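Some notes on the structure that comes next.
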Amino acid sequence: MAKGAARVIYWFRTDLRLHDSPALQAALDLKPEALFPIWCWDSHYVYRARVGVNRFQFLIDCQNDLSQSITKLNKKSKLFVMREPAVTLLPKLFKTWKITHLVFEKDTDAYARDRDNQVMEMAKEAGVEVIVKSGRTLWDSDDLVKANGGKPTMSNTQLQAAGAKVGDIARPIDAPKSIPDPGDMNLNIEQTQPEPEPDFNAKYRDSEEASYSSGIAGPKGDYAPPSIEELGMPAATTPHKGGETVVLKMLDEILADEDYTGTFEKPKTSPAAFEPQSTCLTSPYLHFGALSCRYFYHKVEAIIEKRNKAKENVSKPPENLIGQLRFRDMYFCAQAALGYSFAQTYNNSHCRFIPWHLPSKINTSNKLITGSYEIDSEQKDIEFKRWSNGTTGFPWIDAIMRQLRQEGWIHHLARHSVACFLTRGGAYISWERGAEVFEELLIDHETACNVGNWQWLSCTAFYSQFYRCYSPVAFGKKWDPNGDYIRKYVPELKDMPAKYIFEPHKAPLPDQKAAGVQIKGDGTETEGAGGLKMYPKPMFDFPTQREICLQGMKNAYHIGMYGNDPRVMDGSWKKAFDDAAEGPTEGSKGGPGGLETWDDVEGEEGDDPVDEPKTPKARGKAGASSKQSSPKATRAGHKREHSQSTLDGAFEKKAKGSK
DNA sequence: GAAGGAGTTGCTTAT
DNA sequence: GATAAGCAACTCCTT
């Protein structure tokens, strides 16, 4: 390790803030002669993760805001956004800048761990000392895993017991009052451009992605974050603005309302409320680290203590704000324990196996899902797309999905409603499909919470009361009997009488006409005869589907397989399921992880011949010729998508063995 | 180890 | 209009 004055890279990642950052504090404690606050523009994020324009915009907002805050502390400094992935850039910077220390906040996402391990290896080779501090969660997720006997926390009780063992939640640290100068930023190093293919975000772009094409410092040479235009995407549509200063101001207002903060109960907040929403909308800021969860926690805790002393009403965990933050830690701990397998059913020791429609394709060599899916039924693929686009014909569901697409944020209970509807309480489609859509569209997406919540709602992990099923009609009505939320996000229905707004297909034709809308078709047409607006009929009979799902869940629970069951791994799971059971269950030899066949399997054993003749049910059920269409049944023009793919082609993901 | 109650947030009908 | 019971039924936690 270098002696003398410290020259430090502070590598910002999901900690875009100055307040309460143990890692940043550690960097400052080195009293460096040069501190380089950098962001490595990671091609995983640009090409390989599902990131819609709204989350990109939110990230850029956070980066710009942080950069300005740094500059306020030191005119020479800012957040230097460097247009190259960390794994190729950092080794060059270590040399050029004569770096002695690399400091960053710990990230337990499976992908980030692989990347960080590689970076730490490179730092070691370069003689650079690495300092990693935990700050993304209330407790260090790895400590929680240890305290929970090496296992993922699968309930709130387990999380609390583990948390109690780990100890008190660290007190927040004040934002620094000064920041050292950076060193010479006139870089004379070659930019290594990452591999742009496959580009999983290509479908969201209307022009070519160009964030790497003007060198490491960007088109103006000022290390500014790329613009949305550079990413080739159309302008963002979210009204939510990222940034540490934005959220700290928001939080001040929330905390100033001590009644709201002290008595907050999540189940009593309305999913139908908008302008303003009923919850604090801090999740995207927590995701990007613009808000510290520990800072938030201690602020809320102080208010609760104060109200307790004054004998005023307080709400309690798990429903209150403290409880919400704890659930976040529970999911992070589960992810930390399970690694990549946490985000999929296949090879997941803690996720129940259900023979869902539209199962994920599998790579048996690395035991990971490939990012695309098998279409076991054309009808189910249509239902999935209608769900995703907000044209199911169930206005409550469609309003939620359209708000999600437009704004990038929806209420937690709204997420419950549409997730239940897609999976165990409606379409019986794999939760992995839903999680991928949320990954693309949510501005607050983080794998741990998204995957955890999808498993929860699909009753594959964390929760099991599948007979408690959300109705796409009754649930919304309970919160919003007049349907104002639907009127806002499904404007075709804005003049529909309240009596029919949750089930417009039941409105008599004269009422439809008076409301200026025709309830007709499958959502592919938006305008009917005479310029009348069109809104689709329901894509299925909900009570019928609910019954099918209940039977399917009951049956799958009874069989009781988990994702790492040998039968799930080798495809023999089909033997345990009756041919007539819901999902691609016909025959006795399926593919791994719930695939109908081995046709869609990559990897060494992927060419395993399936000897028996297949007559997939999809044919009879959906009128689709699945036997013929099966290999081609991948979405037309569907690029291979991937939510947790390899990093920049720089290294292979490590498969996480089953527990 | 068995038994009973609890579990962040269901829906419908009866009182 | 609020509250409770019944629905059919899961796992986990505590006693």
Side-chain angles (χ1 to χ4, degrees), chain A residues 138 148-149 151-164 263-273 277-280 283 297 300 304 314-331 333-334 349-354 394 396-397 400 410-426 431 449 452-482 502-503 541-562:
Chain A
L138 299 177
N148 196 45
K151 294 189 196 125
T153 46
M154 300 307 287
S155 71
N156 193 20
T157 316
Q158 287 172 14
L159 184 272
Q160 289 201 60
T263 64
F264 180 97
E265 288 174 273
K266 177 58 93 33
K268 291 187 181 164
T269 58
S270 170
Q277 73 287 338
S278 62
T279 50
C280 1
S283 52
Y297 174 95
V300 172
I304 288 174
V314 291
S315 51
K316 293 192 165 56
E319 287 87 0
N320 70 2
L321 288 170
I322 297 291
Q324 304 307 304
L325 289 169
R326 284 189 192 159
F327 276 112
R328 184 172 173 273
D329 261 51
M330 176 181 81
Y331 290 138
C333 174
S349 52
H350 286 69
C351 180
R352 275 181 186 281
F353 174 76
I354 313 279
F394 294 91
W396 170 251
I397 300 295
I400 295 168
I410 50 177
H411 186 278
H412 190 64
L413 291 182
R415 301 180 195 204
H416 276 213
S417 205
V418 295
C420 180
F421 183 84
L422 182 74
T423 58
R424 55 142 173 125
W431 63 264
C449 296
N453 278 320
W454 273 96
Q455 291 179 356
W456 184 299
L457 264 300
S458 62
C459 287
T460 49
F462 302 103
Y463 189 75
S464 53
Q465 290 162 269
F466 54 75
Y467 43 88
R468 289 193 181 164
C469 177
Y470 289 88
S471 158
V473 175
F475 185 69
K477 239 183 218 175
K478 189 169 75 185
W479 294 103
D480 182 22
N482 190 45
F502 284 87
E503 296 175 283
D541 178 61
F542 179 73
T544 308
Q545 277 305 121
R546 182 184 177 276
E547 206 41 53
I548 290 170
C549 287
L550 266 175
Q551 288 312 311
M553 293 302 289
K554 203 172 142 181
N555 185 42
Y557 261 66
H558 183 70
I559 291 167
M561 288 183 204
Y562 282 80

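All figures in this text were calculated on a predicted structure; none of them were measured in a lab. So that the names make sense, note that chain A is the first sequence line, chain B the second, and so on, each numbered from 1.
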F264(A)/V300(A) under side chain to side chain contact (heavy atoms under 4.5 Å, CB included): CA gap, chis, key distance, verdict: CA-CA 10 Å; F264(A) 180 97; V300(A) 172; over 6 Å; no
Verify, without hydrogens or angle tests, whether S278(A) (side chain) and S270(A) (backbone) share a donor-acceptor contact under 3.5 angstrom. yes
In whole angstrom, give the distance that lies between atom CZ of F264(A) and atom C1' of dT9(B). 11 Å
Could you tell me how far apart Q160(A) (CD) and dT8(B) (C1') are, to the nearest whole angstrom? 12 Å
Could you list the residues that satisfy salt bridge (Lys or Arg N to Asp or Glu O under 4.0 Å) with E319(A), not counting sequence neighbours? none
Could you list all the salt bridge (charged side-chain N to carboxylate O under 4.0 Å, His left out) pairs where at least one residue sits in residues 414-425 of chain A, not counting sequence neighbours? R415(A)-D444(A)
Closest approach to the side chain of F475(A), judged atom by atom: which nucleotide of dC10(C), dC11(B), dT9(B) is it? dC11(B)
Determine the contact category for E265(A): base if any of its heavy atoms lies under 4.0 Å from a base atom, sugar-phosphate if only primed atoms, P, OP1 or OP2 are that close, otherwise nothing. nothing
Please evaluate the base of dT9(B) for a donor-acceptor partner in the side chain of E319(A) within a cut-off of under 3.5 Å? no
Can you measure W456(A) atom CH2 to dC12(C) atom C1' for me and round it to whole angstrom units? 12 Å
Protein N or O to nucleotides 3-5 of chain C N or O, pairs below 3.5 Å:
none

On the nucleotide dT9(B), are OP1 or OP2 found under 4.0 Å from the side-chain N or O atoms that Q324(A) carries? no
Expressed as a whole number of Å, how far does the C1' atom of dG7(B) sit from that of dA9(C)? 13 Å
Side chain of R352(A) only, please: which of dC13(C), dT8(B), dT11(C) is the nearest? dT11(C)
R546(A) meets the salt bridge (Lys or Arg N to Asp or Glu O under 4.0 Å) criterion, sequence neighbours left out, with none
Pairwise P distance, dA6(B) and dA4(C) [rounded to whole Å]: 15 Å
I'd like to know if the side chain of T460(A) reaches the main chain of C351(A), judged simply by a donor and an acceptor atom lying under 3.5 Å from each other, with no hydrogens or angles considered. no
Below 30° counts as parallel, above 60° as perpendicular, anything between as tilted: where do the rings of W396(A) and F502(A) land? tilted
I'd like the P distance from dA5(C) over to dG5(B), given in whole Å. 14 Å
Same-atom distance (P) from dT11(C) to dC11(B), integer angstrom: 22 Å
Taking OP1 and OP2 of dT11(C), is either one under 4.0 Å from a side-chain nitrogen or oxygen of S155(A)? no
With distance as the sole test, does Q545(A) use its side chain to make a donor-acceptor pair with the main-chain N or O of G426(A) at under 3.5 Å? yes
Can you list everything that forms a salt bridge (Lys or Arg N to Asp or Glu O under 4.0 Å) with K554(A)? Sequence neighbours excluded, please. none
How many Å lie between CD on Q455(A) and P on dT11(C), as a whole number? 16 Å
Within residues 460-468 of chain A: residues closer than 4.0 Å to DNA chain C (heavy atoms): S464(A), Q465(A), F466(A), Y467(A)
For atom CG of L413(A) and atom P of dG10(B), their distance in whole Å: 9 Å
Once you round it to whole Å, what is the distance between C1' of dT11(C) and NE2 of H350(A)? 13 Å
Donor-acceptor under 3.5 Å (N320(A) side chain, S315(A) main chain): yes
Using atom C1' of each nucleotide, how far apart are dC13(C) and dG1(B) to the nearest Å? 14 Å
Separation between CG of L321(A) and CD1 of I304(A), rounded to the nearest 0.5 Å: 7.0 Å
Just jot down the salt bridge (Lys or Arg N to Asp or Glu O under 4.0 Å) partners of E547(A), sequence neighbours excluded, or say none. none
Candidates dC13(C), dT8(B), dG10(B) - which lies nearest the side chain of T157(A): dC13(C)
Name all residues meeting the side-chain contact (heavy atoms from CB on, under 4.5 Å) criterion together with N555(A); count only those two or more places apart in sequence or in a different chain, and write none if there are none. I559(A), F577(A), A581(A)
Provide, to the nearest angstrom, the distance between the NZ atom belonging to K268(A) and the P atom belonging to dT9(B). 13 Å
Nearest-neighbour nucleotide for the K266(A) side chain, dC11(B), dT9(B), dT11(C) considered: dT9(B)
Between dC13(C), dT9(B), dA9(C), which one does the side chain of K554(A) approach most closely? dA9(C)
Detail all sub-3.5 Å separations between protein N/O atoms and N/O atoms belonging to nucleotides 13-15 of chain B.
none

Work out which heavy atom in R326(A) is nearest to a heavy atom in L159(A); give both atom names and the distance. O-CD1, 3.6 Å
Would you tabulate the side-chain donor-acceptor contacts of residues 468-477 of chain A under 3.5 Å, counting partners in other chains and residues two or more places apart, or write 'none'?
{"residue": "Y470(A)", "atom": "OH", "partner": "H416(A)", "partner atom": "ND1", "Å": "2.9"}
{"residue": "S471(A)", "atom": "OG", "partner": "V473(A)", "partner atom": "N", "Å": "3.0"}
{"residue": "S471(A)", "atom": "OG", "partner": "A474(A)", "partner atom": "N", "Å": "2.9"}

Under the side-chain contact (heavy atoms from CB on, under 4.5 Å) test, which residues partner C549(A), sequence neighbours left out? Y428(A)
Paired and unpaired positions of DNA chain C as dot-bracket, Watson-Crick or G-U wobble under 3.5 Å, | denoting a partner strand: .||||||..||||||
Nearest-Å distance, CG (L457(A)) to P (dG10(B))? 11 Å
